[in-house]
Visitor: 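Here it is, the structure, as structure tokens.
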Amino acid sequence: AAKNDGRGRARTFNRSMMIMLEQREMLRRSLRVALQEQQFFIEYQPLVEIVDGIIGFEALLRWRHPYAGVVPPSLFIPMAEADGLMGDIGAWVLEQACREAATWPSHFIVSVNLSPAEFLRAGFTDRITRILDEVGLPADRLELEITETVLLERTTNNLDTLHTLEVLGTRIALDDFGTRYSSLNYLQNFPFDTIKIDKHFINDVETNPKSQTIVRFIIGLAHGLGMRVTAEGVETTGQADWLIKKKCDRLQGNFLGAPMSAEAIGDFLRQSSFEML
Ligand code: C2E
Ligand code: MG
Ligand code: MG
Ligand code: MG
């Protein structure tokens with residue numbers, strides 16, 4: 001049977017898969033020069049607090065490939081991580097996002113995603129201090145988003161890094177909560193300010209009783225531990241209403257504002273009012 005499978009797979013490895021693979025290899029090779037060639041840019045998506053309105057933006061990395069167009073992060077970030085490029089790319093994102101945020105109204109935060117490679121890099125917290133100093137952004141206006149995967153390795157060092165960040169005064173968010181190896185242990189031991197509920201659970205939260213139970217559970221858990229909750233991927237009024245009723249603290253998603261260029265932020269702020277919340 002194994003032989004047949006092998007042959008079957010070889011047969012289905014057709015021309016279009018070959019092309020896909022070649023494209024991946026092409027992308028992978030061009031990723032090496034993308035930073036020098038200034039092909040990266042950042043889009044910012046509004047973070048809306050139920051009580052206070054817009055409180056800042058999440059920085060989302062984009063890559064404009066000269067031939068392929070804008071490549072989504074879900075495609076190129078794993079490649080960059082595998083090829084050891086994410087440390088340098090992440091450092092660029094951090095500096096760029098903090099520099100941008102320093103020009104925003106002074107109560108706005110910027111939330112930056114960290115890949116495991118960055119977080120585990122020696123001298124990471126020193127680099128944060130230097131960047132904040134250089135661009136003149138107070139530490140409490142920077143929120144760092146990490147996922148559970150970051151916490152899987154080298155737990156003692158992770159804990160040290162997180163506590164150093166806490167002392168520095170940066171905020172820490174646990175991103176994509178519920179999608180990976182959610183261990184409640186992390187929540188007991190790590191100083192998160194915010195838990196972000198993955199959009200997977202928000203998607204059908206109006207209609208799926210199971211999603212409702214999970215979302216209610218995460219909100220209750222976070223509040224019980226003194227943490228705030230952000231719902232990601234909010235696309236409809238119905239979802240927003242449901243989340244507000246359940247005392248979710250922050251909403252993020254296309255309903256409140258899609259990711260936008262740094263230049264578009266000024267107009268967005270002038271035009272938006274979130275009185276419906
Ligand atoms: P994430 O941090 O969970 O970011 C939220 C994702 O949801 C973003 O996808 C955003 O564009 C998308 N989104 C926002 N609102 C909606 C909505 O209403 N509906 C739907 N369907 N999606 C929505 P994006 O920009 O493609 O980024 C994907 C992931 O790539 C991010 O997920 C994050 O894990 C990673 N990423 C992005 N930028 C960076 C970065 O600078 N560094 C690192 N290490 N990872 C990054
Ligand atoms: Mg994020
Ligand atoms: Mg997320
Ligand atoms: Mg997500």
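Both ligands and their constituent atoms are indexed starting at 1 by order of listing. What you see is a predicted model; the values in this text were computed from it and never measured.
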Visitor: Under 4.0 Å from a heavy atom of Pro259: which atoms of ligand 1 are those, numbered in the order shown and with their elements?
Guide: 11 (O)
Visitor: Please work out, at 4.0 Å between heavy atoms, whether the side chain, the backbone, both, or neither of Val93 comes within that distance of ligand 1.
Guide: side chain
Visitor: Have a look at Glu145 and say which of its N, O or S atoms is nearest the Mg ion (ligand 2).
Guide: OE1
Visitor: Mind listing the closest non-hydrogen atom pair of Met86 and Glu118 along with its distance?
Guide: O-CG, 3.9 Å
Visitor: Where do Arg216 and Thr213 land on the side chain to side chain contact (heavy atoms under 4.5 Å, CB included) test, with the steps shown first?
Guide: CA-CA 5 Å; Arg216 271 198 309 264; Thr213 302; 3.8 Å; yes
Visitor: Backbone or side chain, does any N or O of Gln252 fall under 3.5 Å from an N or O of ligand 1?
Guide: no
Visitor: Closer than 2.8 Å to the Mg ion (ligand 2): does that hold for any N, O or S atom in Asn113?
Guide: yes
Visitor: Mark up the atoms of ligand 1 that fall under 4.0 Å of a heavy atom belonging to Gly253, in ascending order.
Guide: 15 (N), 18 (O)
Visitor: Show me which atoms of ligand 1 lie under 4.0 Å from any heavy atom of Ser115.
Guide: 44 (N)
Visitor: Compare Gln96, Lys199, Glu232, Met86 and give the one whose heavy atom is closest to atom 12 (C) of ligand 1.
Guide: Lys199
Visitor: Does a side-chain N-to-carboxylate-O contact under 4.0 Å join Asp267 and Arg270?
Guide: yes
Visitor: Ignoring hydrogens, just give me the one of Val112, Ile42, Asp175 whose non-hydrogen atom is nearest atom 2 (O) of ligand 1.
Guide: Asp175
Visitor: Out of Arg32, Arg127, Arg121, which one pairs with Asp88 under the salt bridge (charged side-chain N to carboxylate O under 4.0 Å, His left out) rule?
Guide: Arg121
Visitor: Per the side-chain contact (heavy atoms from CB on, under 4.5 Å) rule, which among Ile202, Asp204, Ile244, Leu251 passes with Gln239?
Guide: Ile202
Visitor: Please determine if the Mg ion (ligand 2) has an N/O/S atom from Asp175 lying under 2.8 Å away.
Guide: yes
Visitor: Are Tyr44 and Phe108 near enough that their ring centres are under 6.0 Å apart?
Guide: no
Visitor: Suppose I only count heavy atoms of Glu235 and a 4.0 Å limit; which atoms of ligand 1 are within that range?
Guide: 17 (C), 18 (O), 19 (N), 20 (C), 21 (N)
Visitor: Just jot down the ligand 1 atoms closer than 4.0 angstrom to any heavy atom of Gly233, in number order.
Guide: 16 (C), 17 (C), 18 (O)
Visitor: Grab the two heavy atoms, one from Glu81 and one from Pro116, that are nearest each other, plus how far apart they are.
Guide: OE2-CD, 3.6 Å
Visitor: Heavy-atom distances under 4.0 Å decide this one: backbone, side chain, both or neither, for Asp176 against ligand 1?
Guide: side chain
Visitor: Geometry only, no angles: is Glu81 polar-contacting ligand 1 at N/O separations under 3.5 Å?
Guide: no
Visitor: So, applying side-chain contact (heavy atoms from CB on, under 4.5 Å) with Phe119, which one of Thr125, Leu144, Asn157, Leu165 is it?
Guide: Leu165
Visitor: Using the ring pair (Phe, Tyr, Trp, His ring centres under 6.0 Å) rule, take Trp63 and Phe41 through it: C-alpha gap first, then chi angles, then the decisive distance, then the call.
Guide: CA-CA 6 Å; Trp63 175 26; Phe41 64 102; over 10 Å; no
Visitor: Within ligand 1, which atoms have a heavy atom of Val234 less than 4.0 Å away?
Guide: 18 (O)
Visitor: Would you mind running through ligand 1 and noting each atom that sits below 4.0 Å from a heavy atom of Gln45?
Guide: 14 (C), 15 (N)
Visitor: What residue among Glu143, Gln45, Glu58 forms side-chain hydrogen bond (donor to acceptor under 3.5 Å, both in side chains) with Ser111?
Guide: Glu143
Visitor: N/O/S atom of Asp198 under 2.8 Å from the Mg ion (ligand 3), yes or no?
Guide: no
Visitor: Show the atoms of ligand 1 that are less than 4.0 angstrom away from any heavy atom in Pro73.
Guide: 24 (P), 25 (O), 26 (O), 27 (O), 28 (C), 30 (O)
Visitor: To the nearest 10 degrees, calculate the angle at the Mg ion (ligand 3) involving OD1 of Asp176 and OE2 of Glu232.
Guide: 140°
Visitor: For the Mg ion (ligand 2), find the closest N/O/S atom on Glu58 and give its atom name.
Guide: OE2
Visitor: Donor-acceptor pair, distance only, cut-off 3.5 Å: does the side chain of Arg171 make one with the backbone of Asp140?
Guide: yes
Visitor: Taking NZ, NE, NH1 and NH2 as the nitrogens, is one of them in Asp83 or Arg29 under 4.0 Å from a carboxylate oxygen of the other?
Guide: no
